[in-house]
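Numbers here are sequence positions counted from 1.
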Amino acid sequence: MPKVSRREFLKFIAAGGIAAAAGFAGFSSIVPRNASRQATAQGPVPWTDGPDTIGHAVHVALLPNGKVLYVGGSGWHRKEFQAGTFQAGIWDPVSGEHHALSQPNKDLFCCGQVPLANGNILLAGGTLEYKSLAPNKKYWGLDAAYEFDYATETFVERDSMAHGRWYPTLVELEDGKILTVEGFDEFGYHNLLTEIYDPETASWSISYDPDTSRQYTVGCDSTGCAEDSNGNPIPGAPGPVYGGTNMGVAPGGLGLYPRMHLLPNGRVAVVGQGATRRIWNPATQKWHGAGTIAKRSYGTSVLLPLQNTTDELGSILVCGGSPTPNAGALNSAQIFKPSSAASFAFVEESVTSMTYPRRYCNPVILPNGKIIIFGGTAQANLPEEAVFVPEMFDPDTKTWSELDPHTIRRIYHSGAILLQDGRVWTMGTSYSVISYETSTEIYSPSYCFGTRPEITDAPSGAEYGGTITIQTPNPAAVTEISLLKVPTTTHHYNTDQRLIWLQIISRTDSSVTVSAPINSKLAPPGYYMIHVLEGDIPSEGAMIHVTFAPYNPIFYDVGTPGDFSITLQSGKDIRGGVEALSGSVLVGRQLKTWTVNLKRVSAPIGFITAVVRRKSDDSVVAESITEPIPASTLLATYKPYTFTFDPPYNIQPNDRILIEYDGQTGVRMDAWQADKIDGSKTRAVRFKSGSLTYTGGTVMNDRDVSGTMSE
């Protein structure tokens with residue numbers, strides 16, 4: 001028999017060809033759009049078995065500790081819903097430990113979920129009633145909301161939403177609040193309220209569009225209100241009416257689980273399943289039309305990797321789906337990009353199609369920026385039409401390539417999620433309302449085989465506009481750094497999945513320093529995995545918490561360079577700094593950080609610290625938590641050094657905020673001879689034996705220390 005390549009074989013069976021398994025060594029079965037795992041027996045095995053799930057894994061999230069949360073609730077299993085049997089589990093990919101969770105007595109099946117800035121997972125909505133059990137034969141939505149506390153592994157109930165949501169979408173905004181839209185209400189009608197969850201207060205508010213007067217009546221739509229099979233009104237419907245003049249609710253037509261993404265301009269784009277594109281602007285709370293596209297029922301959309309720059313607009317890949325739920329699936333793909341930062345219009349680009357048409361497919365961004373689409377089916381939810389061959393999209397070349405096939409069908413209610421080590425866990429599948437899949441598989445991309453770069457140490461946190469220094473054994477070989485938000489997924493789409501490329505600033509023999517995300521529009525606050533890459537090969541991810549800087553207004557700001565210096569020297573001028581007399585602008589402020597400019601002269605030996613002393617008795621009332629600075633490390637020119645007080649210290653009248661040096665000679669602090677702030681009420685001081693004079697006997701009323709103080 002002539003030799004047939006593996007690629008040719010897969011295309012042959014995908015087209016419906018049939019061959020005897022014995023005729024092709026390594027293949028144990030012939031299934032349309034499938035090939036067995038043994039196809040790769042001569043090399044690394046990309047697919048391995050994962051743990052069986054406890055119930056149906058419908059909602060899945062990677063947690064900041066690297067574990068995986070999955071929630072099924074009743075899992076589209078009517079008998080479990082009727083019995084009140086709701087399931088959830090935690091799996092640790094490192095240790096392999098796997099256990100069930102105590103889930104609320106409300107059914108979180110078909111809720112929306114999103115990671116919060118603090119690492120917890122918000123789950124909102126779910127199933128109040130099954131379609132077959134409801135009097136109007138519609139799915140009814142639950143109004144409940146929970147935060148999953150990943151540290152305690154418990155579901156903490158929060159205030160309920162205004163009304164029920166079954167199949168809602170949740171998106172984190174740049175300020176850490178959560179936009180929540182769509183889903184069926186408690187009578188099975190589209191919920192048109194735009195609701196915002198504030199994690200700081202654990203409460204909900206309704207956002208209205210001031211440019212429209214659209215209204216929403218709970219339990220109703222344009223065809224009427226909720227009735228039972230005999231035409232009788234269902235108790236409670238119609239419910240309250242929302243909206244009105246200059247208080248419009250969300251537009252209709254967003255659909256269930258609308259595909260939504262936070263763009264780099266802070267707006268939220270709706271691009272994907274439905275035919276109507278929309279943009280919501282949180283700055284104005286207005287909904288804007290953004291054109292139409294071909295409908296893609298249960299297609300998927302992915303925010304493509306972002307550059308960490310102010311001119312990044314963002315691009316969204318849309319692929320798969322079908323024109324109607326029962327029509328044949330599409331293999332086409334498109335990219336949509338805002339025409340400008342201010343525009344509400346998109347530029348559309350058609351790209352190479354996938355090899356396999358598929359709906360119910362599962363997208364995953366890898367740490368190297370490539371995107372894999374797993375699973376799906378070519379027709380409706382037919383198991384015999386399942387697609388087993390994943391395809392990988394390269395955003396640079398905008399082309400697809402086929403990968404090794406999995407062996408378990410991944411169709412409706414399946415999922416795929418990136419793990420911290422760079423592998424991908426695939427899980428779930430609903431064959432019917434009473435039958436689901438608990439077997440899982442783990443995919444190891446090609447970069448898992450062979451030598452990978454390493455991160456030996458990384459900071460646990462980063463602030464916008466700052467820098468991140470990563471310890472790695474071979475910094476010279478590092479070509480790129482990626483920052484990937486911890487993913488969550490449900491119903492074949494991942495709202496907050498995003499990757500940002502961080503600019504390399506400098507290298508040492510053991511580290512690489514990069515720019516942190518420049519703002520929270522590019523990278524909303526929360527937990528991310530940071531990776532170093534050598535070419536296309538990433539390290540395993542290191543968890544890092546990206547947050548806003550603490551409230552940090554500068555209340556003392558004296559520029560540099562000055563024209564005077566304060567000498568710090570043990571036994572002579574032992575300390576110097578700023579004195580806040582009664583009425584000073586410093587009094588009553590919360591001192592969090594103090595930055596001063598220091599330099600060395602000669603060869604100083606000793607340590608430098610920052611303290612606050614009470615004038616009346618010279619006692620220390622606050623000390624910085626900053627490690628003492630070895631004077632020997634100072635430069636011969638002035639350089640800023642920051643001292644941090646935690647908790648912040650509330651400055652009192654006549655407090656002296658001081659830099660102290662315990663060496664004999666050689667340290668100077670930058671200052672001005674002329675007054676720069678607040679007259680004599682806020683003045684520089686240099687102490688000799690506790691006196692208020694500096695050498696020569698002149699009080700320093702007209703002098704100030706260069707630097708800043710911040711809350």
task = Would you confirm whether the ring centroid of Y130 sits within less than 6.0 angstrom of the ring centroid of F81?
result = yes
Plane angle bin for Y412 and W76 - parallel if under 30°, tilted between 30 and 60°, otherwise perpendicular = perpendicular
key: Donor-acceptor pair, side chain of D185 and main chain of G219, under 3.5 angstrom   = yes
task = Would you give the length of the straight line joining atom CD1 of I90 to atom NZ of K67, rounded to the nearest 0.5 angstrom?
result = 6.5 Å
Between OH on residue Y360 and CD on residue E385, distance to nearest 0.5 Å = 13.5 Å
message = Hydrogens and angles aside, do E441 and T426 bring a side-chain donor and acceptor to less than 3.5 Å of each other?
response = no
key: Distance in Å, E153 CD paired with F155 CZ, rounded so as to fall on 0.5 Å steps   = 9.5 Å
inquiry  = So V268 and L263, do their side chains get closer than 4.5 Å, heavy atoms only?
reply    = no
message = Measuring from atom CG of L262 to atom NZ of K485, what distance do you get when rounded to the nearest 0.5 angstrom?
response = 9.5 Å
task = Mark yes or no for whether N519, through its side chain, and K521, through its backbone, hold a donor-acceptor pair below 3.5 Å.
result = yes
side-chain contact (heavy atoms from CB on, under 4.5 Å) between E186 and D143, worked out = CA-CA 8 Å; E186 57 266 40; D143 64 1; 5.8 Å; no
query = Parallel, tilted or perpendicular: which fits the ring planes of F388 and H406, with parallel below 30° and perpendicular above 60°?
reply = tilted
query = Can you name the one residue among T489, V364, L303 that meets side chain to side chain contact (heavy atoms under 4.5 Å, CB included) with Q497?
reply = V364
message = Any donor-acceptor pair under 3.5 Å linking the side-chain atoms of D159 with those of Y197?
response = no
request  = Evaluate the criterion side-chain contact (heavy atoms from CB on, under 4.5 Å) for residue pair T154 and F148; output intermediate values, then yes/no.
outcome  = CA-CA 6 Å; T154 57; F148 179 76; 5.8 Å; no
Nearest atoms (heavy-atom pairs only) where M529 meets L418 = CE-CD2, 3.9 Å
message = Would the distance check show the side chain of S430 and the main-chain N or O of S432 forming a donor-acceptor pair, the cut-off being under 3.5 Å?
response = no
query = Does one side chain, of S203 or D198, offer a donor that lies under 3.5 Å from an acceptor on the other?
reply = no
ask   = Do M427 and I417 have side-chain heavy atoms sitting under 4.5 Å apart?
value = yes
query = Salt bridge between E195 and R165, side-chain N to carboxylate O under 4.0 Å?
reply = yes
ask   = Does the pair K337 and E348 meet the rule for a salt bridge (charged side-chain N to carboxylate O under 4.0 Å, His left out), with working shown?
value = CA-CA 7 Å; K337 184 175 184 176; E348 176 183 341; over 6 Å; no
key: Distance, nearest 0.5 Å, that separates OG1 of T53 from CH2 of W91   = 11.5 Å
key: Residue pair F109, F86: steps toward the side-chain contact (heavy atoms from CB on, under 4.5 Å) verdict   = CA-CA 8 Å; F109 171 61; F86 307 137; over 6 Å; no
query = Is there a side-chain contact between C110 and V58, using heavy atoms and a 4.5 Å cut-off?
reply = no
ask   = Is a side-chain donor-acceptor pair under 3.5 Å present for T490 with H59?
value = yes
query = Is the ring centre of Y493 less than 6.0 Å from the ring centre of H261?
reply = yes
request  = Evaluate the ring planes of F184 and H190, with Trp represented by its six-membered ring, and classify them as parallel (under 30°), tilted (30 to 60°) or perpendicular (over 60°).
outcome  = perpendicular
N/O donor-acceptor pair under 3.5 Å between N246 side chain and P210 backbone = yes
task = Compare every heavy atom of L522 with every heavy atom of R498, then report the nearest pair and how far apart it is.
result = NE-O, 3.0 Å
request  = Would you kindly say whether E182 and Y257 are connected by a side-chain donor-acceptor distance under 3.5 Å?
outcome  = no
Evaluation steps, ring-ring contact (aromatic ring centres under 6.0 Å, His included), between Y167 and H491 = CA-CA 9 Å; Y167 272 55; H491 288 76; 4.6 Å; yes
task = Compute both the distance and the angle, then confirm whether R267 meets the cation-pi test with F344: under 6.0 Å from the six-membered ring centre, within 45 degrees of the axis.
result = yes
ask   = Centres of the Y436 and H77 rings: under 6.0 Å?
value = yes
ask   = Would F374 and Y443 count as a side-chain contact (heavy atoms from CB on, under 4.5 Å) if you check the C-alpha gap in whole Å, the side-chain angles of each, and the deciding distance to 0.1 Å?
value = CA-CA 10 Å; F374 292 91; Y443 178 70; 4.0 Å; yes
query = Does R214 offer a backbone N or O that forms a donor-acceptor pair with the side chain of D209 under 3.5 Å?
reply = no
query = Can you tell me if CG on L133 sees more than 12 non-hydrogen neighbours from other groups inside 6.0 Å?
reply = yes
query = Just by modelled atom types, is the R409 backbone N or O under 3.5 Å from a matching donor or acceptor in the T429 side chain?
reply = yes
request  = Identify whether the distance between the nearest side-chain nitrogen and carboxylate oxygen of K177 and E200 falls below 4.0 Å.
outcome  = no
task = Look only at the side chain of N265 and the backbone of A341, and say whether a donor-acceptor pair between them is shorter than 3.5 Å.
result = yes
query = Judged by modelled atom types alone, do N362 and S414 share a side-chain donor-acceptor pair under 3.5 Å?
reply = yes
Flag for W425-T440: side-chain donor and acceptor within less than 3.5 Å = yes
inquiry  = Any side-chain to backbone donor/acceptor pair from T495 onto V171? Under 3.5 Å, distance only.
reply    = no
inquiry  = For the backbone of W140 and the side chain of Y189, can you confirm whether one donor and one acceptor N or O come within less than 3.5 Å of each other?
reply    = no
key: Ion pair check, E129 and K138, cut-off under 4.0 Å   = no
ask   = Can you name the closest pair of heavy atoms from P525 and D175 and give their distance?
value = CG-C, 4.4 Å
task = Report yes if the side chains of Q113 and P168 come closer than 4.5 Å at any heavy-atom pair, otherwise no.
result = no
inquiry  = When you measure from the side chain of R259 to the backbone of G299, do you find a donor-acceptor pair of N or O atoms at a distance under 3.5 Å?
reply    = yes
key: Student check: side-chain heavy atoms of T217 and Y242 closer than 4.5 Å   = no
remark   = Rounded to the nearest 0.5 Å, the CG atom of L69 sits from the CG atom of L62 at a distance of 10.0 Å
Please list, one pair per line, the donor and acceptor atoms closer than 3.5 Å that link side chains of residues 316-333 to other protein atoms, with sequence neighbours excluded.
from, atom 1, to, atom 2, distance (Å)
S322, OG, T324, O, 2.6
S322, OG, R359, NE, 2.8
T324, OG1, A327, N, 3.2
N331, ND2, M354, O, 2.9
S332, OG, R296, NH2, 3.0

